[in-house]
Amino acid sequence: MKFSEMPYERLNREETEAKMKSLIERQKQALSGEEQFDIHKEYYELFNHIKTCTVLAAIRHDIDMTDEFYEKEQEFYDEIDPVLQQLDKEYHKVLFHSPYRPYMEEKIGKVAFKNMELQFKSMDEKLIELCQENNGLISRYTKLIATAEIPFEGEICNLSRMRKFMADDSREVRRKAWEAVSDYFLKVTDEIDHIYDEMVKNRTKQAELMGYENYIELGYYRMQRNSYGQQEVEKFRSQVKKYLVPLATRIHENRRKRLGLEKLSYIDENMFFPEGNPAPKGTPEEILDKGQKMYQELSPETKEFFDFMMEHELLDVLGRKTKRQGGYMDYLPDFKSPFIFANFNGTSADVDVITHECGHAFQGFLMRNEEIQEYLDITMETAEIHSMAMEYFTEKWMESFFGDRAEDYRRMHLEDGICFVPYGCMVDEFQHIVYANPDMTPAERKQVWKDLEQEYRPHMDYEGDEFFGEGGWWQKQSHIFQMPFYYIDYCLATVCALQYKRKIDIDEKEAWENYLKLCRLSAEKFYVPMLEEAGLKSPFADGCMEELTQHFAKVLFE
């Protein structure tokens, strides 16, 4: 079924709650593990329907943030979501404490029961009102960013549209574009500060009500950190500072020389070549067609996947003024359909959508007929490997997108990937500091950001810009507002994807087989054992970062 033809009807709140309560009572009365699993399959059906309704409404709201009907639907789900989460928690508590748990563990796996434990630690009925308020704050921030109107070059642009000008090959155009974006954020920075201050206090109060010292512990539970914690993440960030920051600094210095500049400025942050960054050739429709040909050639599995996506119109990639910025993949269980949302803007990021988001969607498509839904409950540091590794598996087709600048794209992609990890770790450490000190003022938070930039991005020079130079950069990083502590998952996944990059250079066939194994393992195993089975080293392991740094230093500089 095509996306436009998928029927939508708002969940009946009373009926849905009644069904959940009925399942809870029936599970309590079950007389065997077999009976429990039969009831659990009914839970799958209800859960998938709830998710389909919620995701369908959210996507259609994101497609047009001014659509009043779907804005009201989004408000409805913001309100009902904490209620359903609480019922879901009560349902899983019955399974967790069931006398037939050994049977259910055999059916749905030990990882599922660990995730249940984290779920119990992350949600309680007493948090419902605070969660509803938090959802409203997220919606306020999202709409503020999505509906930005920035006058530039005779037109009104949103932030997605401005990215093209911020990476223009003309340094003067870049400067004006960055200044225009800075001017917009200066107008709304106080409002964003206010929204974020309310978010931090709201989330801190939630943590305190659950008996935690601050939101960090609660945030980790909500991110389903089921096999590592703060200590491992701190060790990872420490290794990034020791090994990757110096390599990234060397890459930036080499980039400065390549651009022919005496000094890098923040307006050069997205620039890699003096003639401009490689941009894809062709219309959005032609880029999609090239993507289809690429996936048809990559493997039988990817051919089936992308043909399905195109046939059912499951990619909305054209940028529009009232469309939410950014990109993502989500899944519609009732239709067994992934969906890709993006904003093409004429830059290489358009091709990244066809590789990165399709990595997510491919894994979802590959597992679409899996009966055990818990195996699909992938934690984010795993999900991002699927997407980031796909970027490297598709690199040999870049000539079809970039022509004679394909090699420039590949170099840019590698350099950008390596340099991203220090930035991502900075975002993560910033949030740890903020939530450990929830009473900080907005000015103090911005100072924290400025201080962290000296550690993670010492090359940055904001030339005294009134917004970016005063520690405001983080306000345009939506993950900080929408999904606390998510960003480190990108960093962990990048390290794993870079391992696949090494493997591809040695034995592409074996690398692809390992990747398919990773996709099919899904959430069946815990993080580190899963990585090992797929031929990867844990990013937390001693020597992993040092080994990668040495390898890619040779690739880039020898």
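Ring planes of Phe393 and Tyr515: tilted class, angle from 30 to 60°. The aromatic rings of Phe37 and His40 are tilted relative to each other, their planes meeting at an angle between 30° and 60°. The aromatic rings of Phe365 and Phe308 lie tilted to each other, with the angle between the two planes from 30° to 60°. Classification of the Tyr266-Trp178 ring pair by plane angle, with boundaries at 30° and 60°, yields perpendicular. Taking the six-membered ring for Trp and thresholds of 30 and 60 degrees, Phe430 and Trp449 have ring planes more than 60 degrees apart, a perpendicular arrangement. Between Phe96 and Phe120, the ring planes lie perpendicular to each other; the angle is over 60°, past the 30° to 60° tilted range. Phe481 and Trp474 have parallel rings, their planes meeting at less than 30° on a 0 to 90° scale where 60° marks the start of perpendicular.
Not a single donor-acceptor pair under 3.5 Å links the side chain of Glu285 to the backbone N or O of Gly282. Here the side chain of Glu384 pairs no donor or acceptor atom with the backbone of Ala493 at under 3.5 angstrom. Using modelled atom types, one side-chain atom of Asn202 and one backbone atom of Leu130 make a donor-acceptor pair closer than 3.5 Å. At distances below 3.5 Å, not a single donor-acceptor pair connects side-chain atoms of Glu313 with backbone N or O atoms of Lys2. The backbone N or O of His356 lies less than 3.5 Å from no partner atom in the side chain of Glu391, so there is not a single donor-acceptor pair. The closest donor-acceptor contact from the side chain of Ser139 to the backbone of Asn135 lies under 3.5 Å. Here the side chain of Thr382 pairs no donor or acceptor atom with the backbone of Ile378 at under 3.5 angstrom. Asp465 places no side-chain N or O within 3.5 Å of a backbone atom of Glu179 that could act as its donor or acceptor partner. Side-chain atoms of Glu71 do not come within 3.5 Å of backbone N or O of Glu68 as any donor-acceptor pair. A distance-only check finds no donor-acceptor pair linking the side chain of Arg174 to the backbone of Met166 [under 3.5 Å].
The line from OG1 of Thr66 to NZ of Lys323 is 13.5 Å long, rounded to the nearest 0.5 Å. The NZ atom of Lys187 lies 13.5 Å from the CG atom of Asp190; values are rounded to the nearest 0.5 Å. Between the CD1 atom of Ile480 and the OH atom of Tyr487 there is a distance of 8.5 Å, given to the nearest 0.5 Å. Annotation: the span from Asn115 atom CG to Arg225 atom CZ amounts to 12.0 Å, rounded to 0.5 Å. Rounded to the nearest 0.5 angstrom, His61 NE2 and Arg324 CZ are separated by 8.0 Å. For the atom pair CD (Glu191) and CD (Gln475), the distance works out to 10.5 Å, reported to the nearest 0.5 Å.
Considering only heavy atoms from C-beta on, Tyr184 stays 4.5 Å or farther from Met162 through its side chain. The side-chain heavy atoms of Asp316 and Ile340, taken from C-beta on, include no pair separated by under 4.5 Å. With a 4.5 Å cut-off on side-chain heavy atoms, Leu46 and Met20 count as touching. Two residues are said to be in side-chain contact when any heavy atoms from C-beta on lie closer than 4.5 Å; Tyr196 and Pro442 fail this criterion. Residues Ile145 and Tyr141 are in side-chain contact: their nearest non-hydrogen atoms beyond the backbone lie under 4.5 Å apart. The side-chain heavy atoms of Ile150 and Ile156, taken from C-beta on, include no pair separated by under 4.5 Å. Counting heavy atoms from C-beta on, the side chains of Glu208 and Tyr215 never come closer than 4.5 Å. Proximity of Leu87 to Glu90: side-chain heavy atoms (C-beta onward) are separated by under 4.5 Å at one or more points.
Contact check on Arg13 versus Glu17 returns a salt bridge, with a Lys/Arg side-chain nitrogen under 4.0 Å from an Asp/Glu carboxylate oxygen. Using a 4.0 Å cut-off between a side-chain N of Lys or Arg and a carboxylate O of Asp or Glu, Asp88 and Lys93 do not qualify as a salt bridge. A salt bridge is absent between Lys446 and Glu470: the closest approach of a Lys/Arg side-chain nitrogen to an acidic carboxylate oxygen does not fall below 4.0 angstrom. A salt bridge does not link Lys41 with Glu45: every distance from a Lys NZ or Arg NE/NH1/NH2 to an Asp or Glu carboxylate oxygen is 4.0 Å or more. A salt bridge links Lys28 with Glu25: the distance from a Lys NZ or Arg NE/NH1/NH2 to an Asp or Glu carboxylate oxygen falls below 4.0 Å. A salt bridge is absent between Arg60 and Asp64; no separation between the charged side-chain nitrogens and carboxylate oxygens falls under 4.0 Å. Between Glu304 and Arg368 there is a salt bridge, since a side-chain N of the basic residue sits under 4.0 Å from a carboxylate O of the acidic one. Under 4.0 Å is where a charged nitrogen must lie from a carboxylate oxygen, and between Lys51 and Asp334 no such pair does. Ionic pairing of Lys19 and Glu15 is present here: one or more N-O contacts between side-chain nitrogen and carboxylate oxygen are shorter than 4.0 angstrom. Here Arg161 pairs with Glu155 in a salt bridge; the nearest charged N to carboxylate O distance falls below 4.0 Å. Taking the charged nitrogens against the carboxylate oxygens, Glu149 and Lys321 have no contact shorter than 4.0 Å, which rules out a salt bridge.
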Chi angles and distances behind the ring-ring contact (aromatic ring centres under 6.0 Å, His included) call for Tyr70, Tyr8: CA-CA 11 Å; Tyr70 282 109; Tyr8 170 76; 5.6 Å; yes
Test log, rule salt bridge (Lys or Arg N to Asp or Glu O under 4.0 Å), inputs Arg26 and Glu42: CA-CA 11 Å; Arg26 288 170 61 201; Glu42 293 181 42; 2.8 Å; yes
CA sep, side-chain torsions, deciding dist, call: Asp307, Lys303, salt bridge (Lys or Arg N to Asp or Glu O under 4.0 Å): CA-CA 6 Å; Asp307 288 351; Lys303 177 186 186 305; 2.9 Å; yes
Worked check of side-chain hydrogen bond (donor to acceptor under 3.5 Å, both in side chains) between Gln373 and Asp377: CA-CA 7 Å; Gln373 296 296 296; Asp377 191 17; over 6 Å; no
Criterion salt bridge (Lys or Arg N to Asp or Glu O under 4.0 Å) on Asp168 and Lys164, from CA distance to verdict: CA-CA 6 Å; Asp168 195 273; Lys164 180 176 182 179; over 6 Å; no
side-chain hydrogen bond (donor to acceptor under 3.5 Å, both in side chains) evaluation trace for Ser522 with Glu524: CA-CA 6 Å; Ser522 201; Glu524 184 179 350; over 6 Å; no
Derivation of the side-chain contact (heavy atoms from CB on, under 4.5 Å) call for Gln85 and Gln119: CA-CA 9 Å; Gln85 278 191 46; Gln119 181 189 25; over 6 Å; no
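In terms of heavy atoms, Phe468 sits closest to Ser182 at CE1-CB, 3.8 Å. Closest non-hydrogen pair, Ile372 versus Lys107, comes out as CD1-O, 3.6 Å. Pairing each heavy atom of Ala30 with each of Gln36, the nearest pair is CB-CG, 3.5 Å. In terms of heavy atoms, Cys131 sits closest to Pro82 at CB-CG, 3.6 Å.
Checked against Tyr435 for a ring pair (Phe, Tyr, Trp, His ring centres under 6.0 Å), the options Tyr220, Tyr212, Phe485 give a single hit: Phe485.
Aromatic rings from His479 and Tyr490 are positioned such that their centres are separated by under 6.0 Å.
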